[in-house]
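The structure under discussion appears below in the form of structure tokens.
Being a predicted model, the structure only gives us computed values, none of them experimental. All residue numbers refer to positions in the sequence shown, counting from 1.
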Amino acid sequence: MVEQVINKVREPPNPKKIYRAALELSHQCDNVLKSAQILELFSPDNAAMRDKLRTYAERLIIPPSQFSRKGEDLIWKKAFYDVITSCRATKAHLSGPVKLPYRAHLMSAVGYYQHLLLKLQQQYHLNLCGVVDFAHDFSSLETQVPESIMEEGISAVHRCLLYLGDLARYQAETEGTNYKSISARFYHQALLICPNEGRPHNQLGTLAGSNYEGLEAAYHYMKCLASKVPFPGAGDNLKGIFNKTVAVSKDVMCSPESYPATRRFLICFLLLADKLSGPVSMSEVDQLVRGLGGDFTDCYTDNRQPFPPALVLKIATMAIMLAENALAPGVDTVQPKLIPALVIELMTTILTVTIQQLGEKLSSPDNQFQSLQISGGVEEERSVVMLHVISSQSLLLPLKILGDWIKARHQLIAQDLTGTFWAQFGDLLNLFPHTRDLERIVKDGFSQSQQQQKIALPEDVALRGLAPLSALHNQLEFPPMSSDLTLLDEFALRLLCLKSVGQFAAQLRPRPGLQYDLNSDLYSSLLAKPQVRSMVTDRERTMKAMAHRRLQSEIKGLEYSVSANQYDSLSPFLVPVTSTVCLHLRTVKLLVATQRSVIIIPKQVIQDLDNLKKSRENHYARDAIKYFESMFKNGNWWLRGQGDQEFLPVKEPAPSPEMAGFLSVLSCCLYLANKSQGIVTLLVPDDAVSAAKNHKNCNPPNNYTGNLPSGELMELAKRYGIRVEGALEFYSKWTMSNRHGKIGRGK
């Protein structure tokens with residue numbers, strides 16, 4: 001019967017008749033699909049009918065006609081896709097007699113679309129070399145193709161790449177997961193062809209599945225919805241990811257310490273993205289934003305690179321997209337006040353981790369940069385070696401796009417960019433090589449006079465089509481037109497782009513964010529006194545100080561950090577008691593991440609932890625010991641143990657072991673207060689402070705076998721001039737005051 005139908009259809013002379021013939025064959029394919037068994041779909045007669053349909057439909061595409069799009073749909077749906085979905089619906093393709101013909105059907109489809117891809121390039125005189133895998137330069141052909149017709153050809157190539165991506169995704173089910181990377185490659189090529197199309201991102205989200213708690217998929221769905229041409233189903237797909245996150249987050253909120261920091265961060269970030277997609281309370285989001293910073297820092301404390309660079313770039317992009325949704329005209333919620341703070345909080349946290357990691361790398365006695373300093377090597381050579389050291393820092397990629405967004409949206413977010421933020425950003429820029437040396441490497445990739453990037457970096461390609469950065473992207477050369485950059489060239493260009501953000505901050509009026517010294521190529525904050533700030537930002541002194549771990553100059557540096565800002569009354573030293581590091585370890589980590597005060601761990605606290613860890617139920621002590629061992633081993637400016645000579649005798653009776661232990665901690669506080677001539681804060685559990693105010697006894701949690709400091713002990717510390725505060729309350733004050741760009745005075 002099928003053979004009779006094929007013979008009945010004669011090749012018509014014009015596109016309309018060709019389309020009618022193809023449509024008739026399409027109906028016959030539908031009938032076979034409804035009545036035949038799965039294996040019968042691959043019979044020679046049915047395969048011949050689909051081939052004939054494909055031949056007719058291709059004649060509608062090349063040469064182009066008014067039925068070109070209909071021809072594309074017939075080929076994809078009737079010649080290939082319907083058979084694929086029928087097999088996948090019954091899972092017959094995974095085993096049995098159907099598996100082999102199904103695999104052959106997929107390979108046939110892949111071969112056809114690779115062939116069609118070349119024919120389309122020839123038909124429309126396209127040059128896609130360097131963009132797609134199956135390319136040839138047909139742009140030199142004599143016949144000219146109108147621009148509007150060429151755009152139709154580019155769209156057809158875009159759809160071919162999507163079909164190839166889908167086919168590779170189906171092949172991954174039978175050929176192995178390696179085909180997933182091939183599928184992603186086709187989708188990314190489709191994005192290079194048409195960056196404003198959202199469908200490739202929707203397909204990439206489907207391909208990502210539950211990777212990284214679904215965050216990778218959520219990124220692509222959000223990117224799809226933010227595209228000029230979004231895919232309709234992406235919203236429902238994104239909601240599905242958020243629903244799964246809400247279900248998992250309940251357990252995370254109940255027992256956060258039971259989850260690794262990486263998983264905790266990913267789940268909380270997705271939860272925050274879900275809440276920001278609709279009306280939400282300011283306090284709820286504020287709490288999540290603050291927690292994210294601590295979780296991110298925890299991730300990089302336990303592991304130098306816990307996330308792939310591409311994932312952190314996606315996280316930064318999601319934060320920007322959330323901010324853009326809130327800043328859009330007509331949005332009447334509390335979101336505009338909250339979401340820019342999320343972006344700034346994320347960027348500040350990344351800055352903190354980056355500065356710490358770069359400091360450790362540049363101060364390592366093993367790297368070549370240090371030997372060049374000692375031997376007095378040539379400045380330019382030293383900068384190249386320094387750039388090699390910095391080029392391993394993957395967090396500079398998200399910082400670059402966050403900096404671009406700040407420049408693009410500064411007028412809307414100016415109130416969130418505090419002096420403290422710019423000071424930290426300036427500190428990072430001062431770790432980079434000299435601008436003139438970077439320009440020699442980049443050459444034509446950056447215009448110093450205009451402070452303008454000229455060649456696209458990989459992160460720019462990934463974010464192409466994102467509305468707030470469109471002005472920047474319109475000025476860039478994207479592949480295949482851009483010149484070939486080495487990895488070192490890319491990093492040099494990236495550093496120049498970050499320095500351009502510093503230049504932008506220095507030119508802000510009426511309140512510049514930074515000051516720039518052209519002669520030294522250094523940045524300084526307006527919050528700092530020039531003579532003190534110059535000591536901190538001088539590149540050579542900073543490198544030498546970091547080479548010796550800066551421990552000997554610790555007190556002087558902290559005197560600067562406290563006295564430089566007329567509003568700043570933070571203690572240069574924080575000393576937690578044993579119960580604080582056990583019950584509020586996460587808060588201690590957050591305070592270390594703020595890089596505003598050095599936290600000193602007394603010898604008595606270490607001794608107490610050793611005793612407490614012997615109890616099986618007391619996991620607090622074991623967690624604290626593990627954290628301190630890791631930090632002390634790697635070396636950290638903002639957290640260290642009490643020195644052997646760092647104590648002053650306290651002339652008080654010690655009638656009990658508890659009193660004796662507290663006096664040992666107090667003696668450490670007195671030494672630090674005397675040495676720095678500043679305020680030292682003793683951090684205690686907030687429950688102990690509350691109980692002392694109400695003249696009540698405070699009992700520790702059931703699974704903590706240690707003691708909480710009594711009201712009498714805290715009063716004793718105050719009599720000696722030591723400030724006593726609850727750890728959570730202290731961090732909360734710092735967070736609130738830092739948001740306003742100053743530290744309020746304590747009472």
Aromatic rings Phe307 and Phe265: how do their planes relate, parallel, tilted or perpendicular, breaks at 30° and 60°? tilted

For the residue pair Tyr112 and Phe80, categorise the inter-ring angle as parallel (less than 30°), tilted (30 to 60°) or perpendicular (more than 60°). tilted

Could you tell me whether the side chain of [Y] reaches within less than 4.5 Å of the side chain of [X], counting heavy atoms only?
{"X": "Glu324", "Y": "Leu466", "result": "no"}
{"X": "Tyr81", "Y": "Thr85", "result": "yes"}
{"X": "Tyr300", "Y": "Gln356", "result": "no"}
{"X": "Leu396", "Y": "Ile390", "result": "yes"}
{"X": "Ile241", "Y": "Asp274", "result": "no"}
{"X": "Phe421", "Y": "Leu351", "result": "yes"}
{"X": "Tyr627", "Y": "Leu639", "result": "yes"}
{"X": "Tyr212", "Y": "Lys314", "result": "no"}

Could you grab the distance from atom [atom1] of [X] to atom [atom2] of [Y], nearest 0.5 Å is fine?
{"X": "Leu472", "Y": "Leu463", "atom1": "CG", "atom2": "CG", "result": "10.0 Å"}
{"X": "Thr349", "Y": "Gln424", "atom1": "OG1", "atom2": "CD", "result": "8.5 Å"}
{"X": "Asn211", "Y": "Leu266", "atom1": "CG", "atom2": "CG", "result": "11.0 Å"}
{"X": "Leu167", "Y": "His105", "atom1": "CG", "atom2": "NE2", "result": "8.0 Å"}
{"X": "Tyr219", "Y": "Cys224", "atom1": "OH", "atom2": "SG", "result": "11.5 Å"}
{"X": "His201", "Y": "Phe231", "atom1": "NE2", "atom2": "CZ", "result": "14.0 Å"}

Candidate pair Arg159 and Arg69, rule side-chain contact (heavy atoms from CB on, under 4.5 Å), full reasoning: CA-CA 10 Å; Arg159 289 188 290 273; Arg69 282 299 305 275; 3.1 Å; yes

Check: [X] side chain, [Y] main-chain N or O, donor-acceptor pair, under 3.5 Å:
{"X": "Thr587", "Y": "Ala727", "value": "no"}
{"X": "Asn237", "Y": "Gly233", "value": "yes"}
{"X": "Thr297", "Y": "Gly293", "value": "yes"}
{"X": "His158", "Y": "Ala190", "value": "yes"}
{"X": "Ser108", "Y": "Ala104", "value": "no"}
{"X": "Asn196", "Y": "Lys228", "value": "no"}
{"X": "Asp623", "Y": "Tyr620", "value": "no"}
{"X": "Ser470", "Y": "Ala467", "value": "yes"}
{"X": "Arg622", "Y": "Lys613", "value": "yes"}
{"X": "Gln393", "Y": "Leu395", "value": "yes"}

Inspect the contact between Arg464 and Asp460 and indicate whether a charged nitrogen and a carboxylate oxygen are less than 4.0 angstrom apart. no

Residues, nucleotides or ligands: over 12 heavy atoms within 6.0 Å of [X] [atom1]:
{"X": "Lys407", "atom1": "NZ", "answer": "yes"}
{"X": "Leu94", "atom1": "CG", "answer": "yes"}
{"X": "Phe242", "atom1": "CZ", "answer": "yes"}
{"X": "Arg185", "atom1": "CZ", "answer": "no"}

The residue among Glu173, Arg88, Lys99 that forms side chain to side chain donor-acceptor pair (under 3.5 Å) with His93 is Glu173

Looking at Val98 and Ala92, what are the two nearest heavy atoms and their distance? CB-O, 3.5 Å

Out of Leu204, Leu238, Asp236, which residue meets the side-chain contact (heavy atoms from CB on, under 4.5 Å) rule with Tyr221? Leu238

Determine, for Phe491 and Arg494, whether the Lys NZ or Arg CZ falls below 6.0 Å from the six-membered ring centre while staying within 45 degrees of the axis. yes

Examine Arg169 relative to Tyr179 and say whether NZ or CZ is less than 6.0 Å from the centre of the six-membered ring and inside a 45° cone about the ring axis. no

If only side-chain N and O atoms count, and only distance matters, is there a donor-acceptor pair under 3.5 Å linking Tyr187 with Asp166? yes

Report the C-alpha distance between Lys34 and Asp30 in whole Å, list the side-chain angles of each, state the deciding distance to 0.1 Å, and finish with yes or no for salt bridge (charged side-chain N to carboxylate O under 4.0 Å, His left out). CA-CA 6 Å; Lys34 293 175 183 177; Asp30 288 339; over 6 Å; no

Begin from the C-alpha positions of Asp82 and Lys78 and carry the test salt bridge (charged side-chain N to carboxylate O under 4.0 Å, His left out) through to its verdict. CA-CA 6 Å; Asp82 284 350; Lys78 304 305 176 183; 3.4 Å; yes

Walk me through whether Glu197 and Leu191 qualify under side-chain contact (heavy atoms from CB on, under 4.5 Å). CA-CA 7 Å; Glu197 290 285 339; Leu191 284 171; 5.8 Å; no

Which is it for Ile182 and Leu164 under the side-chain contact (heavy atoms from CB on, under 4.5 Å) test, yes or no, and what are the steps along the way? CA-CA 9 Å; Ile182 299 174; Leu164 284 167; over 6 Å; no

